[in-house]
Amino acid sequence: MLVVLHTTPDAPRDLRARAATLAGALLEMAGAAALGAGLALALYTLDSGQARDRFERICRAQGGLRTPPRAACVQAFDNRKLARLAKLAGTPERPVARLHLEIRPGDEVARGQPLFSLHAQTRGGGAGVCARLCAPGRRHRPDW
């Protein structure tokens with residue numbers, strides 16, 4: 001959408017047309033343009049840079065235009081550590097115990113997305129216990 005506001009030559013024409021059509025209809029509904037004149041006013045507002053200036057003022061008032069955070073990519077796992085963790089959970093002796101990977105190497109992960117679930121069984125034969133390790137940004141909290 002920013003390429004339409006900045007009136008760059010490589011802006012998708014269909015996106016520009018759709019944005020102008022919707023804006024024109026809203027201008028007419030709000031009474032800011034006469035019936036049938038909304039599209040022309042919307043196109044003028046885009047071409048003159050007024051729409052871009054207004055958008056930038058709104059962004060500044062809300063703390064500025066920020067670049068969205070990039071997702072991290074899982075490079076690899078330390079299989080020895082995962083195997084040790086599964087062993088500590090009780091595998092293979094306990095039927096409920098297991099380690100379930102939620103992602104694979106090469107996957108992109110977002111902040112707080114679960115990486116794996118660890119299931120364990122108490123020695124008394126009670127209900128299973130589950131904990132999830134999540135990407136940074138969310139606490140590693142047990143799920144019991």
Side-chain angles (χ1 to χ4, degrees), residues 1-33 38-144:
M1 190 64 182
L2 291 177
V3 293
V4 172
L5 285 175
H6 288 282
T7 62
T8 58
D10 60 335
R13 291 178 193 219
D14 59 337
L15 180 60
R16 175 184 157 80
R18 183 72 174 147
T21 301
L22 290 173
L26 288 172
L27 288 168
E28 290 175 11
M29 288 172 43
L39 179 61
L41 180 57
L43 288 171
Y44 171 78
T45 306
L46 274 173
D47 293 337
S48 68
Q50 292 176 11
R52 181 195 62 240
D53 293 342
R54 178 61 59 102
F55 176 76
E56 289 174 355
R57 283 196 333 222
I58 291 169
C59 288
R60 280 193 301 275
Q62 294 178 355
L65 187 61
R66 294 181 211 86
T67 304
R70 289 183 42 205
C73 184
V74 176
Q75 300 296 317
F77 292 111
D78 187 334
N79 288 333
R80 289 181 186 212
K81 288 183 180 178
L82 290 175
R84 178 161 168 70
L85 193 55
K87 183 82 171 160
L88 289 170
T91 63
E93 293 85 18
R94 304 269 182 213
V96 175
R98 69 183 181 277
L99 186 133
H100 175 74
L101 295 175
E102 307 284 346
I103 45 118
R104 296 178 181 184
D107 287 353
E108 289 187 353
V109 292
R111 185 176 299 270
Q113 178 181 345
L115 301 177
F116 64 84
S117 298
L118 181 66
H119 301 264
Q121 186 175 13
T122 61
R123 288 187 184 240
V129 176
C130 175
R132 279 190 162 165
L133 177 65
C134 298
R138 182 172 149 192
R139 290 210 162 158
H140 312 303
R141 71 175 189 54
D143 199 19
W144 51 65

Trace of the side-chain contact (heavy atoms from CB on, under 4.5 Å) decision for R16 with L43: CA-CA 9 Å; R16 175 184 157 80; L43 288 171; 3.6 Å; yes

From CA spacing to verdict: side-chain contact (heavy atoms from CB on, under 4.5 Å), R57, Q62: CA-CA 9 Å; R57 283 196 333 222; Q62 294 178 355; over 6 Å; no

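Taking the side chain to side chain donor-acceptor pair (under 3.5 Å) definition, one finds that N79 meets it with nothing, sequence neighbours left out.
Atoms CG and CZ, from L15 and R18 in turn, are 10.0 Å apart once rounded to the nearest 0.5 Å. Interatomic distance, CG of L22 versus CG of L39, reported as 10.5 Å (0.5 Å rounding). In this structure, L118 CG and L88 CG are separated by 8.5 Å, a value rounded to the nearest 0.5 Å. Here the CZ-NE2 distance, from R98 to H119, works out to 4.0 Å after rounding to the nearest 0.5 Å. A distance of 3.5 Å separates CD1 in I103 from CZ in F77, rounded to the nearest 0.5 Å.
Smallest separation of non-hydrogen atoms from G38 and L27: O-CD1, 3.9 Å. In terms of heavy atoms, A42 sits closest to A23 at CB-CB, 3.9 Å. The two residues T91 and A97 come nearest to each other via the heavy atoms CG2-O, 3.1 Å. For the pair K87 and E93, the tightest heavy-atom approach, listed with the atom from each and the gap, is NZ-OE2, 3.7 Å. Closest approach of T45 to S48, counting heavy atoms only: O-OG, 3.3 Å. Across all their heavy atoms, A86 and L99 have their closest contact at CB-CB, 4.1 Å.
Salt-bridge check for D78 with R84: failed, with every basic side-chain N at 4.0 Å or more from each acidic carboxylate O.
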